[in-house]
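To start, the structure under review is shown below, and the notes come after it.
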2 protein chains.
Amino acid sequence: MSNLTLEDIAEKAGVSRSTVSRVVNNQSNVSNKVRERVLNVIQTTNFHPNAAARTLASQRSWMIGLVLPLSVSFFFTDPYYPNLTKGIAQACNQNNYTLSFFLVGNKEDEDKMYPRISRKGFLDGVLVQSGHHGDQQVIGTMIDLKIPMVVIGRPFRADNVTYVDIDNINSSFNAVSHLVRLGRKRIATITGPNNSTVGIDRLEGYRKAITERNLPYDENLVVEGDFTEASGYYGMQKILSYKPDAVFAASDVMAIGAMRAINETKLRIPDDVAVIGFDDLPMSSLSNIQLTTVRQPVVQSGIIVVETLIDLIENGISQPRHIIMDTELIIRDTCGANRRKLA
Amino acid sequence: MSNLTLEDIAEKAGVSRSTVSRVVNNQSNVSNKVRERVLNVIQTTNFHPNAAARTLASQRSWMIGLVLPLSVSFFFTDPYYPNLTKGIAQACNQNNYTLSFFLVGNKEDEDKMYPRISRKGFLDGVLVQSGHHGDQQVIGTMIDLKIPMVVIGRPFRADNVTYVDIDNINSSFNAVSHLVRLGRKRIATITGPNNSTVGIDRLEGYRKAITERNLPYDENLVVEGDFTEASGYYGMQKILSYKPDAVFAASDVMAIGAMRAINETKLRIPDDVAVIGFDDLPMSSLSNIQLTTVRQPVVQSGIIVVETLIDLIENGISQPRHIIMDTELIIRDTCGANRRKLA
DNA sequence: ACTATTTCTGGGAGCGCTCCTAATTTTCCG
DNA sequence: CGGAAAATTAGGAGCGCTCCCAGAAATAGT
């Protein structure tokens with residue numbers, strides 16, 4: 001470990017502190033001869049500039065925070081979040097930012113964290129995962145503090161906030177329409193929580209597709225889930241008594257639960273009940289599952305979210321931006337489309 | 001947002017910078033009258049001390065890094081890691097440390113990250129998730145840098161390193177012995193990767209239990225998995241042709257894959273094939289799965305790991321410590337023990 | 001009441017960097 | 001070759017805090 005300072009390197013290289021600083025920060029006006037000499041000393045001494053000093057002097061920390069509020073941390077059951085986190089972490093690294101992690105577990109955590117997050121000179125910006133009523137407070141706090149922020153997922157009050165989301169309504173509209181086109185008449189859905197924008201929007205898309213295609217809207221075919229496998233399983237059990245011939249689950253994990261419930265009956269997928277999920281998690285394409293699903297660009301989202309935030313940080317906050325990413329319906333076996341083609 | 005400094009607060013409260021500093025850091029020698037006056041100003045102005053300045057002056061950042069090396073980030077398929085991360089994040093928060101996240105995706109990431117991690121004055125300590133050959137390099141680097149470090153999971157070269165792990169050998173020994181006691185004769189196992197200490201140790205426990213109970217060790221009943229559901233599924237398919245009457249999977253996720261494979265045959269669980277997993281993920285106790293499994297204290301591990309690291313940070317590195325946590329065999333339905341009791 | 005202690009408070013020095021300006025060196029061109 | 005312009009380098013000031021020591025105030029002791 002080196003307790004070396006710029007000054008030490010400067011001395012060893014026979015130049016001044018400022019010159020070393022310029023070399024370290026890769027600035028232009030340094031002669032090649034000197035630059036090389038300094039770089040050489042830096043290399044051999046394994047010098048790394050002190051982060052705190054740099055942050056203090058430059059008022060930039062090159063750190064961004066990822067805040068997962070209460071409502072979300074519960075969701076850690078869903079592989080969607082780890083995947084997203086992975087994308088975000090990669091993008092941060094790519095841009096030489098450090099990611100720090102604020103997993104809010106309960107009210108108490110929240111109280112301890114917010115002061116930490118809002119300390120001046122600590123974070124250059126924040127990413128907040130959102131979509132639930134409860135998250136409104138975090139978002140409000142960040143706005144008040146004027147910390148650059150990008151929200152992941154549309155929050156309930158989105159007017160003065162920059163967020164990145166997918167077009168949930170259209171995505172589920174397309175998925176359900178696909179089932180309609182395949183001739184399904186009694187299409188059920190297992191929704192996300194109805195206190196989340198995701199849950200609400202995906203249900204809205206379902207409703208739109210059903211009514212637009214003149215199918216009756218049967219409340220018995222709509223069950224609220226919470227993105228867990230279990231809620232998919234139990235939800236499907238409820239639905240099954242109403243003779244569905246298809247089900248659209250608002251997440252792959254719930255679709256897997258639903259399929260487990262279906263498989264416990266004599267019914268067959270997709271012949272008797274077609275299934276479509278949402279997310280396109282890696283496992284959905286694995287082995288014999290072959291789930292038809294809505295692919296959302298999880299890793300890509302992570303990248304966009306980070307790059308948007310960095311833009312805010314480096315160029316100042318201007319108008320709130322709303323970035324909507326495209327999704328894609330991935331047709332595999334569980335919707336029955338391939339079977340029909342073969343027939 | 002406040003661009004207030006200690007000095008500003010001092011002025012408003014009619015005291016000196018030093019006194020405000022004492023109040024902020026909750027030090028003792030301040031009269032109650034003054035303390036209250038200062039606290040009041042701090043409250044009303046919503047002042048938060050600048051983190052970088054504090055770090056620079058005190059040489060402590062109150063940040064710890066969580067490094068998930070290459071080999072592990074691939075494993076993000078397994079809910080074990082999100083759960084562990086949750087425990088770690090909570091423990092950090094509890095102790096007023098900030099957690100930053102270094103998810104190494106590839107060699108290139110690694111090269112960008114290490115300088116960042118090793119910058120002096122940036123991290124007070126590091127947590128490294130380990131257990132694979134590839135991680136040796138990260139660990140070596142941290143040792144060289146003399147950064148306080150705790151390794152999560154026994155690394156391959158563990159002599160001069162503090163790590164926290166569970167007793168993998170005994171845990172799987174107990175699980176397999178349980179199957180033996182239940183009268184199973186052809187016990188199979190789906191192992192973790194054989195380039196990981198976890199994989200190796202859990203297999204060792206299996207082997208010990210089999211041979212100690214005088215059952216033949218049949219190589220056809222041992223298949224290597226990689227902790228994914230798919231590897232459990234395919235692994236089980238291979239095993240099924242050799243007529244097993246039980247299977248011990250080195251993770252719950254693989255156990256679920258194995259059960260999926262079994263359920264596709266006429267065989268029944270636990271009557272024809274008993275199943276035991278490892279981890280006790282929440283889903284294992286859900287609904288109709290009721291997986292018998294080895295419970296490891298995931299959240300608890302997170303806490304221990306963080307507290308051990310904080311101890312190293314605050315009291316200096318002494319002898320490397322090896323902390324082994326206990327596990328517990330959770331008997332549910334898939335091992336057949338309950339069925340027998342009822343019979 | 002008047003020291004001798006103890007408790008509390010103030011301000012200087014310094015953490016290691018960036019940024020700015022001034023000094024120095026190099027380059028260019030008549 | 002000389003002087004102006006351009007390129008390069010050096011060093012001061014300051015980022016906002018902690019830590020230390022000296023000084024002031026409060027308390028105790030006789």
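Residue numbering restarts at 1 for every chain, and letters A, B, ... go by the order of the sequence lines.
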(message) Strictly below 4.0 Å: does B:S16 bring a side-chain N or O up to OP1 or OP2 of C:dG10?
(response)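 Yes, because at least one side-chain N or O of B:S16 sits under 4.0 Å from OP1 or OP2 of C:dG10.
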Can you measure [X] atom [atom1] to [N] atom [atom2] for me and round it to whole angstrom units?
X: A:W62; N: C:dC17; atom1: CH2; atom2: C1'; value: 15 Å
X: A:N50; N: C:dG14; atom1: CG; atom2: P; value: 17 Å
X: A:F122; N: D:dG16; atom1: CZ; atom2: P; value: 17 Å
X: A:L6; N: D:dT9; atom1: CG; atom2: P; value: 16 Å
X: A:N32; N: C:dT26; atom1: CG; atom2: C1'; value: 14 Å
X: A:K33; N: D:dT9; atom1: NZ; atom2: P; value: 8 Å
X: A:R60; N: C:dC17; atom1: CZ; atom2: C1'; value: 15 Å
X: A:N29; N: D:dT9; atom1: CG; atom2: P; value: 9 Å

- Heavy atom of residues 52-59 of chain A under 4.0 Å from DNA chain D: which residues?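 Result for residues 52-59 of chain A: A:L56, A:A57, A:Q59, sorted by number.
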Legend entry - Nucleic acid contacts of residues 18-28 of chain A, taken as heavy-atom distances under 4.0 Å to DNA chain D: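 Contacts with DNA chain D under 4.0 Å: A:S18, A:T19, A:R22.
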query = Does one side chain, of A:N25 or A:R54, offer a donor that lies under 3.5 Å from an acceptor on the other?
reply =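 Their side chains do contain a donor-acceptor pair, which is all the 3.5 Å distance test asks for.
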Report yes or no: do A:R116 and B:T98 form a side-chain donor-acceptor pair below 3.5 Å?
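Yes, because at least one side-chain N or O of A:R116 sits under 3.5 Å from a partner of the opposite role on B:T98.
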Axis bend over the full length of the helix from C:dA1-D:dT30 to C:dG30-D:dC1, computed from five pairs that close each end, to 10 degrees =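 Angle reported: 40°, given to the nearest ten degrees.
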Contact summary for [X] and [Y], nearest pair of heavy atoms:
X: A:G153; Y: A:Y163; result: O-CB, 4.0 Å
X: A:V151; Y: A:S130; result: CG1-CB, 3.3 Å
X: A:L103; Y: B:A89; result: CB-CB, 3.7 Å

So does [X] have more than 12 non-hydrogen atoms from other groups sitting under 6.0 Å from [atom1]?
X: A:E11; atom1: CD; value: no
X: A:E36; atom1: CD; value: no
X: B:N195; atom1: CG; value: yes
X: B:R157; atom1: CZ; value: no
X: A:R60; atom1: CZ; value: yes

Mutual orientation of the aromatic rings belonging to A:W62 and A:Y97 [parallel < 30°, tilted 30-60°, perpendicular > 60°] |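 Ring orientation, 0 to 90° scale: tilted.
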| said: Determine whether a donor-acceptor pair (one donor, one acceptor, N or O, separation below 3.5 Å) exists between the side chain of A:R17 and the base of C:dT18. | reply: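 Counting by modelled atom types and ignoring angles, a donor-acceptor contact under 3.5 Å is found here.
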